[in-house]
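Below you'll find the structure, written out as structure tokens, and then a few comments.
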Amino acid sequence: MRIILIGFLCYPCLLSAQSFTTLKTTSPKAKQYYEEGRKLVFAGADQKALHSFADALKEDPSLIEAQVQYAGVLYNLGDLPKAEAAMQKALTLSPDYEPKIYYTLGNIQMKEEKYDLAAVNFEKYTQAKKTIPELLPKAQKYAADCAFIATALKHPVPFDPKTLGPLVNTPNSEYLPSLTADGETLVYTQRIGNQEMIYASKKVDGVWQKGAPITDFEMEGNIGATCISADGKTLVFAANVLHSGFGSFDLYVSELRNAHWSKPRNMGAPVNTDAWESQPSLSADGSELYFASDRPGGLGSSDLWVSRRSNGRWGEPQNLGKNINTPAGEQAPFIHPDGQTLYFTSSGRPGMGQDDLFYTRLDSAGQWSVPVNLGYPINTKESEGTLTVSLDGKTAYFGRGVVVPQKDASKKIDYDLYSFELYPDARPKPVTYVKATVVDAQTNQPIPGARLEYADLNSGKPLFTAIADENGQALSCLVAGKVYALAVAQKNYAFQSENFNLTENNSLQKPFLKTIYLTPIAAPAAAAGTNSTIPATEKPIVLRNVFFETGSADLRKESALELNQLKTLLNENPALKIRIQGHTDNVGSDADNLTLSEKRAKTVLNYLMKQGVDPARLTSKGFGKTQPVDTNDTPEGRQNNRRTEFVIIR
């Protein structure tokens, strides 16, 4: 940046005991040389101007205006060490003559990477009584940046980036990565010339395979930032579609159906406006959409926003507020599947360069914490881009540009995709996933549209719902620290339950891969409107979220969630009759175990009766330890044997 210092001295502070001279008190010869230098600077003849200011200083070494101008021309000529020394000499002549000297000296030292010294001088400028309004916010930002850089360089964070390899990275540019929860699919943007396309790569045996464009749909325009949902079934991306859309860039959505992506549809209002909307990020359960926009109502040039989906409709986007957004620009949000950790870039916070990467966490009160800079060397002098973090929080993916010299001496920036191990302090909360396949217990055929309803077992609070695809499959992310109850249901089937305890230290070692068998309960006669009974089933349906106090038939409060689901099943199927069955492990006498199992089954029956279920539809039986489903030699096996279940009876 060229600095023209003519007119530089705006607020001279003439001291009673001066150690310098000014244009008013210097010799005519020195003033003449100075005026010649001014004219040469305006003419762009910096080298000649330098000689004129030098002549002025030979004539009068204390002429402060000439000293400042001499330093400024040295800066423009790129001689930073001499420029710094000359500016320091001006301050020696008078530390209070002109505050902008501190600002310019700070700029010089920042370019010399003397960040500690630069921070001090920028700070001195901000504390001056008279400053230039346009420069004050810049000086404040530079002071914070230099202080941060000085510390960050002394305390670098671990960073060892690895390229994703030649099958993904090409002579073209690849950037803006997004990852499915299982870590097996990576989508990203590839730019060929001025045209951007969405590409996808699959990981096989730990190696990313050759990226291929998603060609199921064509769009008349430019496709930008893309995110893929945690389950890999939804794409949300930004596009500038000719003769369509609301603004310069809008957000579009496409779903994976029968192995093909559907025709994209504009997400419409209120998500899109006539402004710029881009860089989307979907929460793991698909209920929140984070994105960047320069729409009205923001705090800066671009802000981060979130829209929440309710009853299938996206709500009015909310600005993420002053804890995250600044008067500068925030972009590239990535909400981790933990639902509590947000990564993004900002040019308005202390950092290494133009746009640094930050992370923030959602606290128990629903407020975002003060963002934390990811540190050096993850952040550099350059603008950083989107960061995507794997489900376990250990691996981050990002795009970084490398300057490639061209034959014509010009320079081209080529972006490639990299991964690196994210240091522990910056990792999100641990997350795992459930990949469930829902099938008919009799035919073994998939059950599309089955609902997988997750709840917090301890509080009974519903968390989210997943819908099985055409293959009966659904992937759901679970955050550590909770005990999850899962109820899988579909019309004309008995529900099936599962339990995932993620409060234990080893609960996230592997994802949960489950085949869930639903028992059909609708008889042809019943479907025709008769009062025929529903056929009996031989295989019991285990109530995995019904619990009793140790050695007792007293229900624990967590059991209400599942027993109420059983009540709903009975209410929705008035011809359904069931037998509730109790089982124990082999600890204790046979007689005590039999009695305990009978009492527990009876307790469940009584609970349902109190909820209004006709007693004629309910029976109960205890089996003690006689029907184990697992070994009694381990705690886990004994826990599986202690169970309550039901079977459908005639």
Side-chain angles (χ1 to χ4, degrees), residues 176-188 200 203 225-236 253 256 279-291 304 306-309 320 332-344 357-364 366 368-369 374 386-398 419-422 424-436 452-456 462-467 469 473-484 486 500-503 507-514:
L176 298 173
S178 180
L179 193 69
T180 54
D182 60 10
E184 296 178 0
T185 301
L186 182 78
V187 298
Y188 54 94
K203 182 180 278 189
T226 306
C227 80
I228 190 167
S229 60
D231 63 3
K233 302 297 174 62
T234 303
L235 281 176
V236 179
V253 62
L256 188 64
Q279 302 169 348
S281 179
L282 271 174
S283 63
D285 61 5
S287 67
E288 293 182 327
L289 176 66
Y290 293 77
F291 60 96
L304 302 187
V306 61
S307 176
R308 295 178 174 86
R309 183 160 54 182
L320 292 192
F334 167 69
I335 183 69
H336 188 266
D338 73 350
Q340 302 172 33
T341 308
L342 180 72
Y343 300 86
F344 64 97
L357 284 161
F358 292 80
Y359 68 90
T360 177
R361 303 188 196 279
L362 202 62
D363 64 22
S364 57
W368 293 106
S369 65
L374 278 175
T386 299
L387 189 79
T388 296
V389 181
S390 63
L391 198 68
D392 62 8
K394 295 180 180 179
T395 305
Y397 296 82
F398 74 112
S419 67
F420 66 95
E421 183 177 343
L422 188 60
D425 286 350
R427 291 176 187 173
K429 198 167 185 178
V431 182
T432 189
Y433 64 87
V434 177
K435 185 179 284 188
L452 293 85
E453 299 178 347
Y454 289 86
D456 184 328
L463 296 175
F464 58 90
T465 299
I467 305 297
D469 64 13
Q473 296 181 340
L475 185 146
S476 306
C477 294
L478 306 182
V479 183
K482 286 187 175 71
V483 181
Y484 293 85
L486 168 62
F500 305 99
N501 186 348
L502 300 189
T503 62
S507 59
L508 296 175
Q509 290 181 353
K510 293 182 179 180
F512 299 97
L513 308 179
K514 294 281 186 179

TODO: Apply side chain to side chain contact (heavy atoms under 4.5 Å, CB included) to the pair Thr226 and Leu176, showing each step before the final yes or no.
DONE: CA-CA 7 Å; Thr226 306; Leu176 298 173; over 6 Å; no
TODO: Return the minimal non-hydrogen interatomic distance between Gln340 and Trp368, and the atom names on each side.
DONE: O-CZ3, 3.6 Å
If I take atom [atom1] from residue [X] and atom [atom2] from residue [Y], how far apart are they, to the nearest 0.5 angstrom?
{"X": "Ser419", "Y": "Tyr397", "atom1": "OG", "atom2": "OH", "answer": "5.5 Å"}
{"X": "Ser281", "Y": "Leu342", "atom1": "OG", "atom2": "CG", "answer": "7.5 Å"}
{"X": "Phe512", "Y": "Leu475", "atom1": "CZ", "atom2": "CG", "answer": "12.5 Å"}
{"X": "Gln279", "Y": "Cys227", "atom1": "CD", "atom2": "SG", "answer": "11.5 Å"}

Open item on the list: Between Thr386 and Ala332 (side chain of the first, backbone of the second, donor and acceptor by atom type, cut-off under 3.5 Å), is there such a pair?
Closed with: no
- [ ] Please check if the side chain of His336 supplies one atom and the backbone of Ser390 the other of a donor-acceptor pair under 3.5 Å.
- [x]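 Yes, because the side chain of His336 sits within donor-acceptor range (under 3.5 Å) of the backbone of Ser390.
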Open item on the list: Here's a test for you: under side-chain contact (heavy atoms from CB on, under 4.5 Å), which of Leu391, Val431, Leu478 qualifies with Asp338?
Closed with: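 The passing option is Val431.
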TODO: Let me know which of Leu387, Leu304, Leu289 forms a side-chain contact (heavy atoms from CB on, under 4.5 Å) with Pro333.
DONE: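 Option passing the side-chain contact (heavy atoms from CB on, under 4.5 Å) with Pro333: Leu304.
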Going by salt bridge (charged side-chain N to carboxylate O under 4.0 Å, His left out), name the residues that satisfy it together with [X], two or more places apart in sequence or in a different chain.
{"X": "Asp392", "result": "none"}
{"X": "Arg361", "result": "none"}
{"X": "Lys482", "result": "none"}

Side chain to side chain donor-acceptor pair (under 3.5 Å) involving [X] - partner list, sequence neighbours excluded:
{"X": "Thr360", "value": "Ser369"}
{"X": "Ser283", "value": "Asp285"}
{"X": "Glu184", "value": "none"}
{"X": "Arg309", "value": "none"}

Task: Salt bridge present between Glu288 and Arg308 (N-O < 4.0 angstrom) - done: yes
Task: Student check: side-chain heavy atoms of Leu486 and Tyr484 closer than 4.5 Å - done: no
Task: Within-4.5 Å side-chain heavy-atom neighbours: Val483 and Thr503 - done: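 Val483 vs Thr503: side chains touch.
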Open item on the list: Within the supplied structure, the quantity of interest is the number of heavy atoms (other residues, nucleotides, ligands) at a distance under 6.0 Å from Lys435 NZ; does it exceed 12?
Closed with: yes
What residues, two or more places apart in sequence or in another chain, satisfy side chain to side chain contact (heavy atoms under 4.5 Å, CB included) together with [X]?
{"X": "Leu256", "value": "Lys233, Trp261"}
{"X": "Ala426", "value": "Tyr359, Leu374, Leu422, Tyr423"}
{"X": "Thr180", "value": "Asp182, Thr185, Ile228"}
{"X": "Ala466", "value": "Leu452, Ala474, Ser476"}

Task: Phe464: ring pair (Phe, Tyr, Trp, His ring centres under 6.0 Å) partners, not counting sequence neighbours - done: Tyr454
